[in-house]
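Following: one structure in structure tokens, then a few remarks.
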Amino acid sequence: AETILSSLPPEWPTDLTKTIAARVTASSSSSSSSDRDDNDRQQTIIVVLDDDPTGTQTVHDLPVLTEWSEQTLRAEFARNTPAFYVMTNSRSLTPERAAEVNDTIARRLKFAAKRYGRRLSVISRSDSTLRGHYPLEIDVLARALQDDDDDDDEIAVGGSGLEPSSGLESSSSSSSSMIDGQIIIPFFLEGGRFTINNVHYVADGTELIPAADTPFAEDASFGFTKSNLLEYVEEKTGGRYARDRVESITIDDVRVGGPDAVRSKLSQLFGMRPCIVNAVTLRDAQVFALGLMDAEEKDGKRMLVRSAASFVQARIGCPKKPILSASVIINNNSNNNDNGNTSDDENTNGGLVVVGSYVPKTTKQLESLLAVEGMERIEIDAADLVGDGAGTCDGDASSRDISNRVRTAIASGKTTVLYTGRKLVTGSSPAESLSIGNAVSRGLASVVSNLDVRPRFIIAKGGITSSDVATRGLGIRRAMVLGQACPGVPVWTIGEEGKFPGMSYVVFPGNVGGDDALRDLVIRLSE
């Protein structure tokens with residue numbers, strides 16, 4: 001890793017956090033001067049469609065919506081929020097259902113943006129290890145976000161997604177209604193996910209491992225074989241975009257050329273041409289973000305971004321916030337609630353850790369946590385949860401016993417670890433594997449739903465698991481990102497509609513942290 005990183009040119013000399021934040025704030029709060037055109041006068045709202053809850057791992061003080069009714073989305077626009085997340089949980093869905101969800105949200109966002117006179121900037125946030133519904137989600141969003149008059153003219157639905165119409169890329173100009181480029185930037189600083197010379201790497205200690213050589217590439221639903229992102233795009237699009245048709249923003253572009261070089265390259269994109277972004281530091285992502293903003297706001301380009309978590313931080317100019325102390329997280333949990341528990345009672349309860357992720361990193365972290373003395377350990381056989389696919393933990397005596405054990409342990413002050421056995425249950429197809437994963441996750445969430453005692457803290461490990469615990473277990477509809485419990489691990493404040501209003505909820509990604517990261521966090525919150 002040191003050899004590769006030391007060969008790169010120095011970073012762009014200027015920290016752009018305040019510059020970007022000022023532009024985002026100005027755009028969201030006031031109209032521009034009268035000598036600018038109509039497009040520039042529109043205020044911008046940034047909406048992040050997050051395919052699981054872990055994408056909030058680099059930001060703070062932003063709202064997260066877990067449902068997307070027209071009323072809910074309009075309410076967020078009415079708040080004049082400069083940016084917000086919509087948690088789609090689409091990584092857990094079949095391609096058909098993921099397409100339906102993205103289409104519905106995009107069309108409702110487009111309607112709300114027109115109603116409130118806002119320019120809409122959409123980011124499709126997904127996995128930094130390249131798993132997820134790509135290119136499906138970007139294709140669906142591109143179609144849905146076109147202007148109404150052009151919905152059926154310029155892009156047609158094809159078997160592998162949305163196909164550019166004949167001759168679309170033969171012209172150097174594009175209709176203002178069309179999406180000019182799809183930006184792919186899987187850089188994630190806290191997770192050690194870097195793109196260098198177009199190759200995407202996953203850091204493991206002092207090594208940089210090409211993404212296709214990691215266990216993530218063997219995912220039963222979203223596997224891939226290419227680490228070079230030009231080739232990855234070609235592979236995932238089934239050859240629709242050959243590698244020589246994929247543009248690249250290089251490290252030299254962002255570190256030597258700066259925002260102007262980025263803007264220049266982006267201004268040449270049209271016809272949904274893919275463009276991958278090399279980045280190693282947050283400043284690299286900031287330089288790209290500023291160039292992107294200039295291309296959109298000054299050149300009228302329309303882009304869709306497929307990114308990991310760090311780009312969102314760069315795009316909104318979100319300053320870094322210190323890691324949250326245990327006292328901040330726990331004190332956030334000490335409000336009275338409908339169950340009548342007092343803060344003293346709540347602080348003597350044990351915490352709850354729910355682990356459903358099966359990635360090797362999670363398994364190692366779970367092993368480290370289970371070695372800590374004094375905790376209640378409750379293992380569930382995933383095969384028992386799958387059954388007929390219902391994914392319930394309250395349908396028979398054995399399941400009710402699990403819920404009772406969790407409640408008793410927490411009420412007695414013991415931190416409880418509820419986890420699935422480490423034998424991965426997969427199906428005969430990607431869709432069947434997704435269905436099995438969902439059933440397991442719903443079973444774990446049902447235990448949380450049955451709780452009638454407020455834990456000292458709640459941690460959910462894994463994307464699908466944390467989504468179901470949030471929505472099915474805790475009833476969250478709108479939360480605020482409080483900050484991070486440790487690098488790359490977001491903490492939400494549960495909204496008033498949730499099971500434990502005002503409580504902190506820790507969303508621990510399956511693929512983040514060292515072997516002892518989960519153990520260390522649990523110990524810190526238990527002291």
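Each residue takes its place number in the sequence, starting with 1. Everything quoted here is computed from the prediction, not taken from an experiment.
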**Study point:** Verdict with supporting geometry, R263 and K298, side chain to side chain contact (heavy atoms under 4.5 Å, CB included)
**Key:** CA-CA 10 Å; R263 175 187 174 185; K298 298 177 181 179; 3.6 Å; yes

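- Proximity of K461 to Q365: side-chain heavy atoms (C-beta onward) are separated by under 4.5 Å at one or more points.
- From R478, atom CZ reaches atom CH2 of W492 across 12.0 Å, with rounding to the nearest 0.5 Å.
- Using a 4.0 Å cut-off between charged side-chain N and carboxylate O, R131 and D52 make no salt bridge.
- Across all non-hydrogen atoms, the minimal contact from L521 to C486 is CD2-SG, 4.5 Å.
- Without hydrogens or angle criteria, S7 side chain to I4 main chain gives a donor-acceptor distance under 3.5 Å.
- For the residue pair N278 / N198, a side-chain donor-acceptor distance below 3.5 Å is found, with atom types taken as modelled.
- Ring-plane geometry between F77 and F84 is classed as perpendicular, the angle between the planes exceeding 60 degrees on a 0 to 90 degree scale with a lower cut at 30.
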Exercise for review: With ring-ring contact (aromatic ring centres under 6.0 Å, His included) as the test, would you mind laying out the steps for H133 and F222 before giving the verdict?
Suggested key: CA-CA 7 Å; H133 290 291; F222 304 112; 4.9 Å; yes

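- Closest heavy-atom contact between S124 and R306: OG-NH1, 2.8 Å.
- Atom CG of residue N228 and atom CD1 of residue I276 lie 7.0 Å apart, to the nearest 0.5 angstrom.
- Checked by atom type, the side-chain pair T250/S248 shows no donor-acceptor distance below 3.5 Å.
- With contacts defined as side-chain heavy-atom distances shorter than 4.5 Å, the pair I459/L518 qualifies.
- Between F224 and K236, the shortest heavy-atom contact is CB-CE, 4.0 Å.
- To the nearest 0.5 angstrom, D180 atom CG is 12.0 Å from C275 atom SG.
- Look at D294 and R23 and you find a salt bridge, because one of the NZ, NE, NH1 or NH2 atoms lies within 4.0 Å of a carboxylate O, short of that distance.
- When only modelled atom types and interatomic distance are considered, T17 and Q286 share a side-chain donor-acceptor pair under 3.5 Å.
- Checking T225 against E235 by side-chain atom types alone, a donor-acceptor pair falls below 3.5 Å.
- Under 4.0 Å is where a charged nitrogen must lie from a carboxylate oxygen, and between E76 and R79 at least one such pair does.
- Side-chain contact between T129 and T214: absent, with no pair of heavy atoms (C-beta onward) separated by less than 4.5 Å.
- At least one side-chain heavy atom of L109 sits less than 4.5 Å from a side-chain heavy atom of L73.
- Once rounded to the nearest 0.5 Å, the distance linking OG of S307 with CZ of F188 reads 11.0 Å.
- Checking S368 against D515 by side-chain atom types alone, no donor-acceptor pair falls below 3.5 Å.
- A217 approaches A211 most closely through the heavy-atom pair CB-O, 3.7 Å.
- Here the side chains of R125 and T54 are in contact, with some heavy-atom distance below 4.5 Å.
- Enclosure of atom NZ in K265 by more than 12 non-hydrogen atoms of other residues, nucleotides or ligands within 6.0 angstrom is indicated.
- For the atom pair Q182 CD and L269 CG, the distance stands at 10.0 Å (nearest 0.5 Å).
- The shortest side-chain heavy-atom distance between L141 and L49 falls under the 4.5 Å cut-off.
- For the pair L189 and T281, the minimum side-chain heavy-atom distance is 4.5 Å or more.
- Taking OH of Y85 as the reference point, atom CD1 of I46 lies at 10.0 Å (rounded to 0.5 Å).
- Heavy-atom neighbours of N197 CG from other residues, nucleotides or ligands within 6.0 Å: at or below the threshold of 12.
- At a threshold of 4.0 Å, the pair R143-D139 does not count as salt-bridged, since none of the basic side-chain nitrogens sits closer than that to a carboxylate oxygen.
- For the pair I316/L62, a side-chain contact is recorded, criterion being any heavy-atom separation below 4.5 Å from C-beta on.
- Around atom NZ of K320, no more than 12 heavy atoms belonging to other residues, nucleotides or ligands sit under 6.0 Å away.
- Summarising the geometry of R315 relative to S121, their closest heavy-atom pair is NH2-OG, 3.9 Å, with the distance given to 0.1 Å.
- Using a cut-off of 4.0 Å between Lys/Arg side-chain N and Asp/Glu carboxylate O, K226 and E234 are scored as not salt-bridged.
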Exercise for review: Could you walk me through whether L8 and V280 pass side chain to side chain contact (heavy atoms under 4.5 Å, CB included), step by step?
Suggested key: CA-CA 10 Å; L8 302 177; V280 177; 3.8 Å; yes

Practice item. Could you please spell out the steps behind the side chain to side chain contact (heavy atoms under 4.5 Å, CB included) verdict for V64 and V481? Key: CA-CA 7 Å; V64 183; V481 184; 3.6 Å; yes

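- For the residue pair R118 and N80, the shortest heavy atom distance occurs at NH1-OD1, 3.2 Å.
- Y232 places no side-chain N or O within donor-acceptor distance of the main-chain N or O of H200, the cut-off being under 3.5 Å.
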